[in-house]
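In what follows, a structure is listed as structure tokens, so that the remarks can point back to it.
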Amino acid sequence: MNFLIRESEKKAFALLFATALLFIYPLMHYGIYFRDDLHRSVTGYYGWSGLGRPLADIVIKVASASGDRLLDIFPYNLILSCAMLSLACIHIARLLQHLNIKKPTFCASLFIFNPFFLQNLAYRFDSTGMSLALLLCALSYTYQNNNIYISLVIKILLGVATLSLYQPCANLFIGLLSIELSALFITNNTNNKKLFLTLIKKAGVFLSFYSIYFLIVARIWGSENNRSEIVKLNTDGLNHIYNTFQRLNTLLESFFNGPVIFYFIPPVILLFIFIILTVYKNRNNSLATKMLLLLLSLSSAYISLLGPTFILVDAPVFPRTLVSFSILFVLFSMYIISLCDKLKCIALIPVVTVIAFSSQFANALNTQREHENFVLNMVAYDLMNINGIQKIKTVGKIRFSKRAELLTNDKPLISQSISRATEFLATYQMVNKGLKGVSDGYGIEKSNKEELDSFKSNGVKPYVDNNEYSIYENNGVAIVVFKG
């Protein structure tokens with residue numbers, strides 16, 4: 001397997017690219033500045049190197065032709081992301097073909113439809129680097145060379161590069177292992193020795209690039225990343241890990257809320273039928289190995305959602321970290337097609353929920369940003385009518401708009417994904433409106449609340465008070481209190 005697209009794959013790549021473009025079109029249509037984008041769009045700040053992601057700085061700097069200040073290249077960032085995702089699908093398809101899975105391109109194409117990765121794509125400045133990280137991880141798993149040593153070195157280097165772009169994307173490596181184990185289960189092409197060697201080889205590569213990353217890259221560039229503390233090996237540590245997986249399950253449930261779960265019933269039924277038939281066929285021969293394969297495959301698919309980060313005290317359980325969720329759709333398609341090629345369209349039924357979610361997420365993001373813009377315009381007008389203000393601080397968050405509220409109530413994952421304007425996010429929207437003296441809300445939320453309490457205890461009354469916000473002013477300091 002090499003890095004370049006083969007002649008026979010060009011048509012498939014074009015179809016995959018069009019599919020990815022269609023999937024993320026709602027985000028491209030609105031072009032919202034999302035979370036950290038609000039900061040970077042007014043400061044031109046890079047800042048990923050300090051979080052152990054030095055390649056993220058380099059990639060976006062080269063892609064945007066930026067200098068000391070980072071400049072926006074929307075919508076080309078999303079077009080590049082579509083290309084990266086499509087290339088990742090091509091390499092996953094090659095892996096499936098190598099493992100003798102039918103309709104490999106069709107199966108691999110479903111990797112595009114990840115509802116959680118939409119939050120990654122919403123970042124205008126960071127989406128390209130995150131998508132490239134997925135591609136490099138897919139390459140790390142699938143790359144092969146006749147020289148075993150060259151193959152090993154390149155796999156490890158690609159893994160280190162993945163971590164240096166966006167650490168959670170390395171979890172895809174475990175997700176691809178789940179695909180390989182399922183392929184061995186489907187094709188009945190394994191034994192205990194082959195299974196053991198497969199696990200050892202993949203674990204060796206994974207542990208190697210993680211070790212090199214932490215010994216070299218993280219030590220040099222991870223000075224600002226304070227989230228790497230590992231849980232203690234005691235009862236409290238085990239309870240903490242259990243709670244981390246409970247948080248993961250809650251996040252997953254936020255997507256499967258309401259009628260969404262019913263779209264997954266048909267492929268799950270066919271999956272169980274395939275498993276029952278396989279167990280029956282192998283009842284007198286290698287049944288234990290087959291069941292072990294199935295168990296390892298499904299458990300590795302689940303573990304890949306967090307990867308090794310579940311051992312961290314501050315485990316990153318966010319929509320944007322579940323980059324391997326769509327492996328589930330790939331697995332569904334593999335089992336269904338192996339059961340009956342003519343039933344492959346059933347694998348597309350749950351994908352309908354993800355396509356719908358793409359538009360719902362983008363619509364909620366847009367209507368919420370419009371509402372926030374309306375509120376902050378009023379705030380800016382009121383502040384400009386107060387003489388002598390030298391510093392502006394914020395407390396609280398802006399309410400959901402009525403349209404966004406409807407969407408978030410029905411789709412809880414949207415509520416966790418769109419990020420309403422809080423102290424940090426609101427401040428940069430206010431700076432963009434030309435207000436002077438706005439304090440950066442990041443990291444000073446507690447002190448702002450304490451200062452607000454001091455105002456109230458000293459009898460300071462709000463200069464403005466309405467359903468959306470209040471403004472307190474004292475000695476040249478204004479505190480805007482959002483009532484969300």
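What's counted below: heavy atoms across the whole structure, side chains too, no hydrogens, waters or symmetry copies.
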Handout entry: CG (N458) with more than 12 external heavy atoms under 6.0 Å
Key = yes
Handout entry: Between Y213 and S164: side-chain donor-acceptor atoms closer than 3.5 Å
Key = no
Problem - Aromatic ring proximity, centroids under 6.0 angstrom, Y335 and F332 - result: no
Handout entry: Salt bridge present between D126 and R35 (N-O < 4.0 angstrom)
Key = no
Practice task
Output yes when R420 and E372 qualify as a salt bridge under the 4.0 Å nitrogen-oxygen rule, no when they do not.
Solution key: no
Practice task
Show the numbers, then the answer: is there a side-chain contact (heavy atoms from CB on, under 4.5 Å) between L305 and N171?
Solution key: CA-CA 7 Å; L305 296 172; N171 299 337; over 6 Å; no
Problem - Other residues, nucleotides, ligands: >12 heavy atoms within 6.0 Å of D68 CG - result: no
Practice task
Could you list all the ring-ring contact (aromatic ring centres under 6.0 Å, His included) pairs where at least one residue sits in residues 451-484, not counting sequence neighbours?
Solution key: none
Exercise for the section: With sequence neighbours excluded, tell me which residues meet side-chain hydrogen bond (donor to acceptor under 3.5 Å, both in side chains) with Y166. Expected result: none
Practice task
Verify the distance criterion only: is there a donor paired with an acceptor across the side chains of N257 and K411 at less than 3.5 Å?
Solution key: no
Practice task
May I have the step-by-step check of side chain to side chain donor-acceptor pair (under 3.5 Å) for N77 and T128, ending in yes or no?
Solution key: CA-CA 6 Å; N77 62 309; T128 302; 5.2 Å; no
Problem - Donor + acceptor pair across side chains of K483, N466 (<3.5 Å) - result: no
Handout entry: Distance-only side-chain donor-acceptor flag, Y33 / N432, under 3.5 Å
Key = no
Practice task
Check the pair D37, Y428 against side chain to side chain donor-acceptor pair (under 3.5 Å), reporting the backbone distance first and the verdict last.
Solution key: CA-CA 9 Å; D37 294 340; Y428 285 103; over 6 Å; no
Problem - side-chain contact (heavy atoms from CB on, under 4.5 Å) between K456 and V460, worked out - result: CA-CA 5 Å; K456 291 179 178 179; V460 177; over 6 Å; no
Exercise for the section: Give a yes-or-no answer on whether the side chains of S304 and S324 include a donor-acceptor pair shorter than 3.5 Å. Expected result: yes
Exercise for the section: For residues L80 and S131, determine if any side-chain heavy atom of one lies less than 4.5 Å from a side-chain heavy atom of the other. Expected result: no
Fill in the blank from the handout: Rounded to the nearest 0.5 angstrom, the CZ-SG distance for R320 and C169 is 12.5 Å
Practice task
May I ask you to check whether F329 and F111 place their ring centres under 6.0 Å from each other?
Solution key: no
